[in-house]
Structures are given as C-alpha cells and as structure tokens.
Amino acid sequence: MADLKVVYFPSCINRAMGKNEFQKEEDLQLTALTHQLLVRAGYTIIYPKELDAHCCGMPFSSKGFVAVNHKQSQLLEADLLSVSENGKYPILYDMSPCFYHSKEEFTSNLKIVDPIEFMLDFVLPKLTVKKKKEAVTIFPVCSVKKIGKMEQLLALAHYCAEDVTMIDSNCCGFAGDRGFLIPELNEHGLRDIKNQIPSNCTSGYSTSRTCEIGLEKSSGISFTSIFYLIEEVTR
C-alpha cells in the first residue's frame, strides 16, 4: 500500500445506474460515495485514463461474444497497468462479479482486489465505527462464493452491525441481466427471502448492483452496496 494510493475502477454498471427507490435525494451515488470513503480513509485515488470506455468484458462474455470480451479485458488491463505503475498500487473493484471476471482474464501481476477484501483489510482499519446499525441483511453473490469470501463478507458486516443475517440462496437468479429479461428466474431464486429477513431489519447489502435490484424487488427492503453500510457507520 505504498503512499496510500489506490487505483479505483468503478464498474460500468455502477457508473451507469443511479440510486434505488429507498435512497434519499441527498444520498450519494455509489461511485461518488466510494471516492469520499477512500479519501476519508487517507487514500489518494487514481482512475483509469480511459474510464468511460472501459468494461471488464463480462457482459460480452455472457452473451457469447468471446472476441469482444477479450478485447475489452485487454484494453482495461493495459490501462490499469499504466496507471498503477505496473502493479505498484492496488486496484479496487466495486463489484465482485467484475473482479472475478478480470481475475480470470488478466495475465499480468496486477494487484486487483475484491470490494470485500479491500474494505475489510485496507479501509476499515483506518476508520472508526461510531455506532453500529442494529440489524442488517447481507447476500453473498455467486462470485463471492466462487472466490471463497463469504466469511469475510460476514466479518465485514459484523464490524458494522450488531445483528447480521446472511440470506441462504444458491443464486439470486438475476444472473447478470437475465433478471431484466426473465424475471421468473429471480423470483424463483429468492422465493424464500422474506421469511429469512428479521422484522427489525430494513437494510440489505451486497456487492453487485444488478443482484441488489432483484434482492430489493423480492425482499421489499433497500439493498445497496456494502460500501454504503461502511460509510454510514464510520461517518
């Protein structure tokens, strides 16, 4: 963590999508909130040079456009190599699925870091939790399960809340953009979610914006990035 610098790669989904219906007008959009949170933790933030042109490539890969996926991934990797000074500085991803895809695609020794690991290991130790929330619900998306970070997600939530409930579901069923096109997948994947959320819990957190959209619809409570939880309790 030389010089407390970090390269922040906001996913194209988080750059494009706004806040959810439960959030207030004064609440920051995720990329702005992440910037503020990192600055408060003492980091100097570096952004990719061609940020608006970048995507990790996963949306193309999931549709079978293999060549476009590889091209997008290679362009992103080259930019991240440049701005991180060939891997000198860590690179924060704000969505777990994007991190997982780049981890599988990249060929260099870039220090890309999942949002859960970065917040738990590099941000929270530099901040003070002022007041824990009473109760929160968390959902580990599929990529979090694949990279084995469920326990870290749980630990991160316990830093910030007294009572933590982890939703038990193999997959939320949103599956990238499938939840927009085939909502029945999402409805089935989360058919038991309301029964798992405690009555005193009104806030849910995860690390994938599209999954959070489906989680909100099925649960009836707000679901946002866990970055919002960390920002709130350390504000």
Side-chain angles (χ1 to χ4, degrees), residues 10-34 37 93-100 114-116 118-120 132-145 149-150 152-235:
S11 71
C12 56
I13 290 173
N14 284 328
R15 298 198 307 270
M17 291 189 173
K19 299 175 291 186
N20 71 31
E21 62 180 304
F22 296 93
Q23 291 176 285
K24 301 174 184 176
E25 184 177 348
E26 62 268 25
D27 289 339
L28 293 174
Q29 193 264 357
L30 179 62
T31 55
L33 177 132
T34 304
L37 186 61
Y93 277 61
D94 59 13
M95 274 185 49
S96 293
C98 302
F99 163 79
Y100 180 77
D114 172 82
I116 297 168
F118 195 87
M119 289 295 148
L120 188 61
K132 289 187 175 185
K133 285 183 77 75
E134 178 185 354
V136 301
T137 295
I138 57 173
F139 183 83
V141 299
C142 294
S143 54
V144 170
K145 296 171 184 174
K149 294 198 181 294
M150 289 177 66
Q152 284 183 297
L153 176 61
L154 197 58
L156 188 55
H158 277 296
Y159 259 105
C160 304
E162 299 291 349
D163 182 25
V164 178
T165 298
M166 183 180 284
I167 296 298
D168 180 23
S169 174
N170 182 48
C171 174
C172 73
F174 215 89
D177 65 355
R178 302 301 194 281
F180 292 125
L181 306 172
I182 312 172
E184 293 84 0
L185 288 174
N186 188 230
E187 291 165 7
H188 182 76
L190 297 176
R191 62 194 179 279
D192 297 322
I193 189 172
K194 286 186 177 180
N195 297 329
Q196 297 185 52
I197 299 175
S199 59
N200 64 334
C201 179
T202 59
S203 301
Y205 301 94
S206 189
T207 53
S208 173
R209 183 70 183 97
T210 51
C211 297
E212 289 153 15
I213 291 172
L215 288 160
E216 281 171 19
K217 181 181 177 182
S218 295
S219 68
I221 68 171
S222 173
F223 262 89
T224 56
S225 166
I226 200 161
F227 289 8
Y228 281 97
L229 174 61
I230 298 164
E231 196 281 328
E232 179 182 346
V233 301
T234 61
R235 188 180 307 156

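For this chain, numbers begin at 1 and follow the sequence in order.
- For the atom pair SG of C98 and CZ of R209, the computed distance is 13.0 Å after rounding to the nearest 0.5 Å.
- Contacts of D27 classified as salt bridge (Lys or Arg N to Asp or Glu O under 4.0 Å), with partners at least two apart in sequence or in another chain: none.
- Applying the salt bridge (charged side-chain N to carboxylate O under 4.0 Å, His left out) test to pairs two or more places apart or on separate chains, none has a residue in residues 11-24.
- V233 and C160 make their closest contact through CG1-O, 3.6 Å (heavy atoms, listed as atom of the first residue, atom of the second, distance).
- With sequence neighbours left out, the side chain to side chain contact (heavy atoms under 4.5 Å, CB included) criterion links Y159 to L120, L124.
- Taking both residues in full, the closest heavy atoms of L30 and F227 are given as CD1-CB, 4.0 Å, listed atom of the first, atom of the second, then distance.
- More than 12 heavy atoms of other residues, nucleotides or ligands sit less than 6.0 Å from atom CD of E26.
- In this structure, F139 has no ring-ring contact (aromatic ring centres under 6.0 Å, His included) partners at least two apart in sequence or on a different chain.
- Listed by chain and number, the residues in a side chain to side chain contact (heavy atoms under 4.5 Å, CB included) with I182 are E184, L185 (sequence neighbours excluded).
- Residues K145 and C171 share a closest heavy-atom pair of NZ-N, 4.3 Å.
- Between the side chain of S225 and the backbone N or O of Y228 there is no donor-acceptor pair closer than 3.5 Å.
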request  = Quick one: do M119 and I226 satisfy side chain to side chain contact (heavy atoms under 4.5 Å, CB included)? Show the steps, please.
outcome  = CA-CA 9 Å; M119 289 295 148; I226 200 161; 5.5 Å; no
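- Contact annotation: the side chain of I167 never approaches that of I138 to less than 4.5 Å [non-hydrogen atoms, C-beta and beyond].
- Sequence neighbours left out, not one pair with a member in residues 152-176 passes salt bridge (charged side-chain N to carboxylate O under 4.0 Å, His left out).
- Going from atom CD1 of I221 over to atom OG1 of T202 covers 7.0 Å, rounded to the nearest 0.5 Å.
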query = Run the side chain to side chain contact (heavy atoms under 4.5 Å, CB included) check on F223 and N20 step by step: do they pass?
reply = CA-CA 8 Å; F223 262 89; N20 71 31; 5.7 Å; no
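- Partners of Y93 under the ring-ring contact (aromatic ring centres under 6.0 Å, His included) rule, at least two apart in sequence or in another chain, are F9.
- For the pair D177 and T210, the minimum side-chain heavy-atom distance is 4.5 Å or more.
- Remark: S143 pairs with S96, P97, Y100, V141 by the side chain to side chain contact (heavy atoms under 4.5 Å, CB included) rule, at least two apart or across chains.
- Taking S218 as the reference, N186, L190, I193 meet the side chain to side chain contact (heavy atoms under 4.5 Å, CB included) condition, with sequence neighbours excluded.
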request  = Please assess L154 against M166 for the test side chain to side chain contact (heavy atoms under 4.5 Å, CB included), listing each intermediate value before the final yes or no.
outcome  = CA-CA 8 Å; L154 197 58; M166 183 180 284; 3.9 Å; yes
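- Counting only residues at least two apart or on different chains, the salt bridge (charged side-chain N to carboxylate O under 4.0 Å, His left out) pairs with a member in residues 226-235 are R40-E231, K133-E232, E231-R235.
- Within the structure, salt bridge (charged side-chain N to carboxylate O under 4.0 Å, His left out) pairs that include any residue of residues 189-205 do not occur (at least two apart or interchain).
- A distance of 10.0 Å separates CD of E212 from SG of C172, quoted to the nearest 0.5 Å.
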task = Any chance you could lay out the side chain to side chain donor-acceptor pair (under 3.5 Å) test for N200 and E134, step after step, and finish with the verdict?
result = CA-CA 8 Å; N200 64 334; E134 178 185 354; 3.0 Å; yes
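- Other residues, nucleotides and ligands contribute at most 12 non-hydrogen atoms within 6.0 Å of the NE2 atom of H188.
- Partners of S169 according to the side chain to side chain donor-acceptor pair (under 3.5 Å) rule, which considers only residues two or more places apart in sequence or in another chain, do not exist here.
- Between T234 and I230 the shortest heavy-atom distance is OG1-O, 2.7 Å.
- Taking 4.5 Å as the limit, every side-chain heavy atom of T137 sits out of range of all side-chain heavy atoms of Y205.
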inquiry  = Pair T165, I197 - check side chain to side chain contact (heavy atoms under 4.5 Å, CB included), show working.
reply    = CA-CA 7 Å; T165 298; I197 299 175; 6.0 Å; no
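- For the pair L229/T224, no side-chain contact is recorded, criterion being any heavy-atom separation below 4.5 Å from C-beta on.
- Contact of the N14 side chain with the M95 side chain is registered, since non-hydrogen atoms from C-beta on lie closer than 4.5 Å.
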